[in-house]
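Structure first, commentary second.
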2 protein chains.
Amino acid sequence: MAFNSKFETPKVTVDIVVFTIVDKKLKTLLVRRKYPPFQDIWALPGGFIRKHEELPHAALRELKEETGVSKAYLEQLYTFGEEKRDPRGRIITIAYFALVPKGHIRLKASHDAKEARLFSLKELPRLAFDHKKIIGYGLTRVRNKIQYTNTAWSLLPEKFTLREIQEVYEKIWGKHADKRNFRKKIISLGLIEAVKGVQRGLKQRPAKLYSFKTKKYVELRRFF
Amino acid sequence: MAFNSKFETPKVTVDIVVFTIVDKKLKTLLVRRKYPPFQDIWALPGGFIRKHEELPHAALRELKEETGVSKAYLEQLYTFGEEKRDPRGRIITIAYFALVPKGHIRLKASHDAKEARLFSLKELPRLAFDHKKIIGYGLTRVRNKIQYTNTAWSLLPEKFTLREIQEVYEKIWGKHADKRNFRKKIISLGLIEAVKGVQRGLKQRPAKLYSFKTKKYVELRRFF
DNA sequence: ACAAAAGTGTTGAGAGTACACCCATGC
DNA sequence: GCATGGGTGTACTCTCAACACTTTTGT
């Protein structure tokens, strides 16, 4: 009996949910599809894996094609394999999520996307395939993750103010935190240090700048 | 250009890490492979997905073939796709983990397994493919999960004693908990209720039996 | 001098942790 | 009556949450 007669040989894609904070809003990257199905509809960046290509490499490649970003926090999210998720046939997608620092994204079109844009998570357009569900998974994962790890810090630039860290947490959770309590806690973790210089150019008191002592991934005992 | 010349059309399997507690030890199910590669070597239960078969269905089917268990907590774990993980070619595996209650497992051989056995996690044999890594992922996931959900309770039978719940936590974490504090906490969650009857047949004071008020999955605010 | 956000401490409540003895049963 | 695990309460510590005013800058 041929392998093919009984078993499925699906095609496999990777899709990436890219999160970043712009204009004090949590946003995700979408591309407008050039070809059917779902032509002209917005979708997650992604595509088929190539021969001999490792999965995270495929995700990073797609990310770079659309945004120019080559360094980001990248983590496997979930694999979506429902038979009917793609009208072209059995296509399984391995979804990743990426966290990209403030302002590192340079949007570009690519060979199979007409246009790339950041969308606020509160104003998502109609999405192709099951991509709305995938974004939902991504958001849930990020929300859970910031509670007991420092991964969300990948959304920050090299140097940042305490207010900016707090903003990351507030935007992801969608709720406000107390400034004094937040600062106390984040400083008590001992993972950041003040650096020389202040944030200038604003018509208000300048804020101290900080940087990470380490970029290592750290497990926290319930941080936020 | 044919699709095949540039892109990968991998084969896709599911593998299941089955956890259960037997003889007060956390164990996982392994099968001895009947065919090459890795003939006669122990491996996770699993196999290729069939045409039109949903992924969790494939996982449950494999689980049932080896253990007779048709109901269990099942969750997708991670997708392993390294090019070199299987000598036969590009085979991506979507790993699931399952939690099966005490004593529900009836081991059987199957069409592609000579033998099925439960192994204590501390005494694993040599394993085929990257299955050792997969089990490691599974254990980490379960350990994290019991801290903030009630999923680990799927390892318990209908009726159970407080000591048995505590055992689940202790065996998964490998460390001892204080009896009084543990009971206080678990009762304060309000998720279990005493039922009529006691645990008999032991040469000691009989323990009260409890059952779950609900079998729903509940998020806890850091339980263990 | 005014607007705007930065920066800074204290207190009370609740959760977590440590700890030791009596009880009910089988043999 | 003895061995075995079942069952129970209190006190201390620490973390979390609530809360308001002064400081520094740009205009």
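To find a chain, count down the sequence lines: A is the first, B the second, and so on, and within it residues start at 1.
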Quick test of your reading of the model: are [X] and [Y] salt-bridged, counting only N-O distances below 4.0 Å?
{"X": "A:E167", "Y": "A:K25", "result": "no"}
{"X": "B:K102", "Y": "B:E158", "result": "no"}
{"X": "B:E164", "Y": "B:K159", "result": "no"}

Interatomic distance, [X] [atom1] vs [N] [atom2] [rounded to whole Å]:
{"X": "B:K179", "N": "D:dG5", "atom1": "NZ", "atom2": "P", "answer": "10 Å"}
{"X": "A:F160", "N": "C:dA6", "atom1": "CZ", "atom2": "P", "answer": "15 Å"}
{"X": "A:R200", "N": "D:dT24", "atom1": "CZ", "atom2": "P", "answer": "13 Å"}
{"X": "B:Q199", "N": "C:dA24", "atom1": "CD", "atom2": "P", "answer": "17 Å"}
{"X": "B:Q166", "N": "D:dG5", "atom1": "CD", "atom2": "C1'", "answer": "12 Å"}
{"X": "B:E167", "N": "D:dG5", "atom1": "CD", "atom2": "C1'", "answer": "12 Å"}
{"X": "A:I187", "N": "C:dT8", "atom1": "CD1", "atom2": "P", "answer": "7 Å"}
{"X": "A:E164", "N": "C:dA5", "atom1": "CD", "atom2": "P", "answer": "14 Å"}

(message) I'd like to know if B:K185 reaches the base of C:dG16 with its side chain such that a donor and an acceptor end up less than 3.5 angstrom apart.
(response) no
(message) Between the base of C:dG7 and the side chain of A:K208, is there a donor and acceptor pair under 3.5 angstrom?
(response) no
(request) Identify whether any heavy atom of B:R183 sits under 4.0 Å from a base atom; if not, whether one sits that close to sugar-phosphate; answer base, sugar-phosphate or nothing. (result) base
(request) Would you indicate what A:L162 reaches in the nucleic acid, counting non-hydrogen atoms under 4.0 angstrom: base, sugar-phosphate, or nothing? (result) nothing
(request) Indicate the ring-plane relationship of A:F97 and A:Y73, choosing parallel, tilted or perpendicular according to the 30° and 60° boundaries. (result) tilted
What nucleotide, of [options], holds the atom closest to the side chain of [X]?
{"X": "A:K203", "options": "D:dT27, D:dG7, C:dG26", "result": "D:dT27"}
{"X": "A:R205", "options": "C:dA6, D:dT8, C:dA24", "result": "C:dA6"}
{"X": "B:A207", "options": "D:dT25, D:dG7, C:dG26", "result": "D:dG7"}

(request) Determine the sole option in B:L60, B:V14, B:V17, B:L63 for which the side-chain contact (heavy atoms from CB on, under 4.5 Å) test with B:Y96 is passed. (result) B:V14
(request) For A:D15 and A:I134, indicate whether the former's side chain and the latter's backbone hold a donor-acceptor pair under 3.5 Å. (result) no
(message) Within the 4.5 Å heavy-atom criterion, are B:W42 and B:E115 side-chain neighbours or not?
(response) yes
Just the table, please: protein N/O against nucleotides 9-11 of chain D N/O, every pair under 3.5 Å.
residue, atom, partner, partner atom, Å
D:dT10, O4, B:K184, NZ, 2.8

